[in-house]
Amino acid sequence: MPQPQDNARAIFLILLIFWLASSPDSGPGLIAGPNLIKSRLARQRHALNVLNSTQWGDFAPRLADDPPEPETEPKYLNLTGFREEDKYVWEDLGRFKDRCEEWSKNAVGIPETAEPVWQNATGVVRGWWQRTNTSSPRYHSSYNLTEISPGVSWAGSNGDWGRNVTGTEGKIMVRLEDNEDSATEPEEIDKFILEKAEVKAREVSSTITIDDVQGTGSSWEMRLHGVHWPRQGAILLTTTSEKYAGIFGLPHLTTRPDFFESSKALLNRTLDKALERKEQHTFTDQIDPWTSTLDAPGEAWNPTPHCEYLVYIQIHPLQQDLIGVQPSLTGPENVAKAIQDIENELRFPQGTGHRRIPPLQMSAVVFSPDCAFFLETKGPPAYAPADGRHLVGVKQEIFLHSVSTFLLGLALIVFGQLQLLKLQMRETSTPSTLGRVSFYTGCMMLLADGMLFTGAAAWSFSASTTLLPSLAVTCVSFLSMTVGTFFLAEIHKVQEPEWRREERERERQNAASNTATPPNSRQTPVANSTPVSTTPPIIIPSDQDIDAEIAENTNNNNATLPAPVTATATPTAQNLRTQLSNIFGRLLLAGICILFLSLAAASWRPSFRSAYFNTLLFVYFSLWLPQIYRNVYRNCRRALSWRFVIGQSILRLLPIAYFYITPNNFAFAEPDYIAFAVLAGWVWFQIWILVAQSILGPRFGVPKGWMPEAWEYHPVLREDNIEAGGLPIGLVSAPSSPTSLERVRTGEEGKDKERKRTNTHVIDCAICREVLEVPVVKAGMEDPTAGGVSGVFARRMYMVTPCRHIFHSACLEGWMRFRLQCPICREELPPL
């Protein structure tokens, strides 16, 4: 008969298959798919032909400040989204262009004397934006998508559109991909013949993330394509969809005639090549190369309407005090040469040192022609530098270097965790020491290492420049996970009998409650009932509970039947492996759920996202709580070495500290010093509890009724307990014996012997054969320090066994690490 866990896994697999089979298929099918692709390519080919047949000034829509009867007739293009009947907010196009020119003039000056800037804009920048409205509002109900894009089936066209920014300010992050190998204008035949300064325009793409902090709280990530003019440091990007042919009309959205000519020539050539390649592979390559949605397959078949974006980015000049140019040689040519040297060194390192790589700074103006709003980055001159510096970040090479450095540091941290774990395994190699370690603390560490291994392995599959550091993290985390699994298996092997004994006890209690006589029934007293024993219970260690196992196998429902030949009295190794595999399966399922939930949380509101990750880390850093409970339950003062506890705490806090207290981390996470202080304080609070348990005792301050009874190895010894057998053997002897209670240290105590409440008895420790001094309270006296801290420290010097033998604490603890038997009489000892 299968186990309940096997049934649960089978049911889960059936539900998963049913969900995959019943989920709606958004694809049009094998026959209709190529037809839809051909229709889309035909529309894009028509848009390219329109671009080829138009000139500068052919798109001149009516502007908001135009008189009712303008001198020239407004002009529109026969492109989706550029027609007058589409009703987009093109009357604010002039305002957008003026704002772009203003940003460029404030950054680099007039075009004739523009300051040199980065020629390659590949990098990551971020900043804050401020929202303003256009001259006239627009809503999703203002458009008829069937007329704008006939033949396209829209999903959710009646609801609110995505990417609609409603807040007054928020965050923006731009990842620019300005590759040197991209198409240029004029076309580069030989990169060694054509100088970089002669490049008029170059293809560029970007991934932009906009956080609507004060509005909906949502975060949108989109893909944009456009053109970069390196000499001027200007970039124009746009989204493209079925209701907006942005990339095909981009030259008409430029601010200057020279920008129009260079971008038109570049896009005519590159768009034509892309369409030819798509037309030849309509069956195999069905993705729109200019889609703005990262989920490209869903956008290809059932597009969802969203706001379109037109983004103008101006690169700012470098700080001359950081590029190493002498003040007397700070002319435009020398600055441009210094910038080129820095870029060449970043791309092809030759050992040329620079004091500091200047940051990448940009300003941006965002215009949504269908949702009718502007977004402008906050910075001078409109805002004070304290309010924002537009978009600031680092070059791609610096960004990748920081990622590689972090990954290498993470690999060293995990390697340190692995070494600490190996040292701890060496110290806890016996059943007695393994029984003290909390199984759930090990599970939490193993779960974290497994999630790290999964993330590092996934990163390695897509990593190129950071492949070696990511592989190092993957290998080290795999080793840590493997060693942790072995350690957890050893703990499970030792503690499994204890769990079975507790399960049997619960079953007995449940059986007793089920078979209890109802209150109304008459109870007949049993004359020969067994009286309840008043002797104290004998505590048997969990790893040596053989009698319970024999009772479990003999007192079963099938006791009247002869046992088969293959029956065994102890659980087989196969059963133990099955139980352990079930536990590891649950850990795997929990790790997968946490990973997927964390990925989904990346798109939540910032407050919800921060609360989720803070809560997740708080639970993760509660890893010492199970060990604290284990110490109290087993009455064990210390199970793990301080080197392991403190080392693991510090090493596991370090990666989190990078994201919480480092302002310019590669994940662009906002520093949260308070949250990190709470997490670190919570970890150290748990460590101090472990320290208090080691010094004052695991049950110090815990009410007696909260935990099961356990043997107290450090009791208060009193002389008036001799008749009850309270004093250990060795401290009690015949009156004529020379080793009687008269063997007392006196010294200077003879003068005030009447005032002393305790005597210090001397006995030889049977393990180390050294003298052991034991304080014993006199008969009829009370020790005021018995329940205090000073009394606890005094009793920590000795340990008394249930068989009434006494030893040094250090001696007996060292003995019990290897054997739970009394060194003198071989009586079983309760585990620490």
Side-chain angles (χ1 to χ4, degrees), residues 430 432-433 436 536 539 541 634-638 693-700 710-750 752-753 756-832:
T430 62
S432 176
T433 53
R436 307 176 188 177
I539 301 176
R634 284 180 59 98
N635 198 24
C636 171
R637 289 194 290 118
R638 185 165 64 91
Q693 287 183 332
S694 177
I695 297 176
L696 304 178
R699 297 190 176 186
F700 183 80
W711 176 256
E712 175 58 53
Y713 279 97
H714 307 279
V716 178
L717 302 179
R718 303 180 58 86
E719 291 182 356
D720 49 5
N721 286 344
I722 295 179
E723 296 180 358
L727 285 182
I729 299 175
L731 297 183
V732 182
S733 58
S736 59
S737 174
T739 61
S740 64
L741 294 177
E742 299 299 328
R743 189 181 179 187
V744 177
R745 293 183 56 193
T746 57
E748 300 295 331
E749 301 140 358
D752 54 349
K753 188 175 181 180
K756 282 189 62 66
R757 294 185 173 91
T758 61
N759 287 331
T760 302
H761 293 239
V762 180
I763 190 174
D764 293 336
C765 176
I767 298 178
C768 66
R769 310 303 299 172
E770 297 290 338
V771 174
L772 171 60
E773 299 178 354
V774 182
V776 180
V777 180
K778 288 184 177 182
M781 296 292 183
E782 294 292 337
D783 187 4
T785 64
V789 177
S790 59
V792 171
F793 279 108
R795 296 195 300 273
R796 284 289 171 264
M797 303 302 298
Y798 61 86
M799 294 180 65
V800 180
T801 63
C803 51
R804 298 174 57 215
H805 291 110
I806 188 168
F807 308 91
H808 284 113
S809 294
C811 297
L812 186 58
E813 286 180 357
W815 173 275
M816 294 179 67
R817 289 172 58 87
F818 302 96
R819 186 179 295 274
L820 292 177
Q821 290 181 344
C822 178
I824 297 177
C825 64
R826 303 305 178 186
E827 185 72 23
E828 299 293 342
L829 298 180
L832 286 175

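Scored by the side chain to side chain contact (heavy atoms under 4.5 Å, CB included) test, Arg769 finds Ala766 as partners (sequence neighbours excluded). Annotation: side-chain hydrogen bond (donor to acceptor under 3.5 Å, both in side chains) contacts of Ser809 (sequence neighbours excluded): none. Listed by chain and number, the residues in a side-chain hydrogen bond (donor to acceptor under 3.5 Å, both in side chains) with Ser694 amount to none (sequence neighbours excluded).
At least one side-chain heavy atom of Asp764 sits less than 4.5 Å from a side-chain heavy atom of Val771. Two residues are said to be in side-chain contact when any heavy atoms from C-beta on lie closer than 4.5 Å; Leu829 and Met816 meet this criterion.
Considering every non-hydrogen atom in both Trp815 and Gln821, the closest pair reads NE1-O, 2.6 Å. Pro698 approaches Cys636 most closely through the heavy-atom pair CB-O, 3.4 Å.
Rounding to the nearest 0.5 Å gives a distance of 8.5 Å between CD of Glu773 and CE of Met797. Rounded to the nearest 0.5 angstrom, His805 NE2 and Ile767 CD1 are separated by 11.5 Å.
Across Leu717, Leu812, Ile763, a single residue satisfies side chain to side chain contact (heavy atoms under 4.5 Å, CB included) together with Tyr798, and that is Leu717.
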